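Have a look at the structure below before the remarks.
Just so we're clear, the structure is a prediction, and the values are computed from it rather than from any experiment. All heavy atoms count here, side chains included; hydrogens, waters and symmetry mates do not.
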Amino acid sequence: MPSLLFCGPKMAACGIVISIWGVIMLAMLGIFFTAKSAVLIEDVPFTEEDIRNDKSPPQNIYGLYNQVGINCFIAASIYVAVGAVSLCQVRLNKRQEYMVT
């Protein structure tokens, strides 16, 4: 029977810790981007052409803020999936400790 175990207990625990940090960090960034925080303006990908050619420049920038916020939430959900896989690996490692071969 093939085993689904592909990483050790320390690597799985590290994956859980990094996933928790990534979810917290990216969820907060997503919230701040959707709230259109002025501090994060340097991380919004816009050019001078976007401002000059648009009749309502704030709406274009707000749309870019929302897009970056959505990208942060997507990345946070990927970290949730990685954390779930790491948790499964921790449980498989615990079960393997108690198995007699």
TODO: If a pair satisfies side chain to side chain donor-acceptor pair (under 3.5 Å) and one of its residues is in residues 9-23, list it, with sequence neighbours excluded.
DONE: none
Donor-acceptor pairs under 3.5 angstrom involving side-chain atoms of residues 23-30: please list them, not counting sequence neighbours.
none

TODO: Show which residues join Val85 in its hydrophobic cluster (side-chain heavy-atom contacts under 4.5 Å, direct or indirect), or state none.
DONE: Phe6
TODO: Sequence neighbours left out, what passes side chain to side chain contact (heavy atoms under 4.5 Å, CB included) with Ile41? Give chain and number order.
DONE: Phe46, Ile61, Tyr65
Task: Gln89 (side chain) donor-acceptor with Leu4 (main chain) under 3.5 angstrom - done: yes
- [ ] Just grab all the side chain to side chain donor-acceptor pair (under 3.5 Å) pairs involving residues 68-82, residues at least two apart or on different chains.
- [x] Gln67-Asn71
TODO: Kindly compute the distance separating CZ (Phe33) from CG (Leu40), expressed to the nearest 0.5 Å.
DONE: 4.5 Å
TODO: Kindly give the heavy-atom pair with the smallest separation between Val90 and Ala13, and that separation in Å.
DONE: CG2-N, 4.0 Å
- [ ] Can you sort out the partners of Cys14 under side chain to side chain contact (heavy atoms under 4.5 Å, CB included), two or more places apart, ordered by chain and number?
- [x] Ile18
- [ ] For residues 23-45, pull every pair meeting side chain to side chain donor-acceptor pair (under 3.5 Å), keeping only residues two or more places apart or in separate chains.
- [x] Lys36-Asn66
TODO: Show your reasoning for whether side-chain contact (heavy atoms from CB on, under 4.5 Å) applies to Ile74 and Ile70.
DONE: CA-CA 6 Å; Ile74 291 170; Ile70 290 169; 3.9 Å; yes
Open item on the list: How long is the straight-line distance from SG of Cys88 back to CG of Leu5, given to the nearest 0.5 Å?
Closed with: 11.5 Å
Task: Nearest atoms (heavy-atom pairs only) where Asn93 meets Ala12 - done: ND2-CB, 4.5 Å
Task: Contact summary for Pro45 and Leu64, nearest pair of heavy atoms - done: O-CD1, 3.5 Å
TODO: Applying side-chain hydrogen bond (donor to acceptor under 3.5 Å, both in side chains), name anything that partners Glu48, two or more places apart in sequence or on another chain.
DONE: Arg52
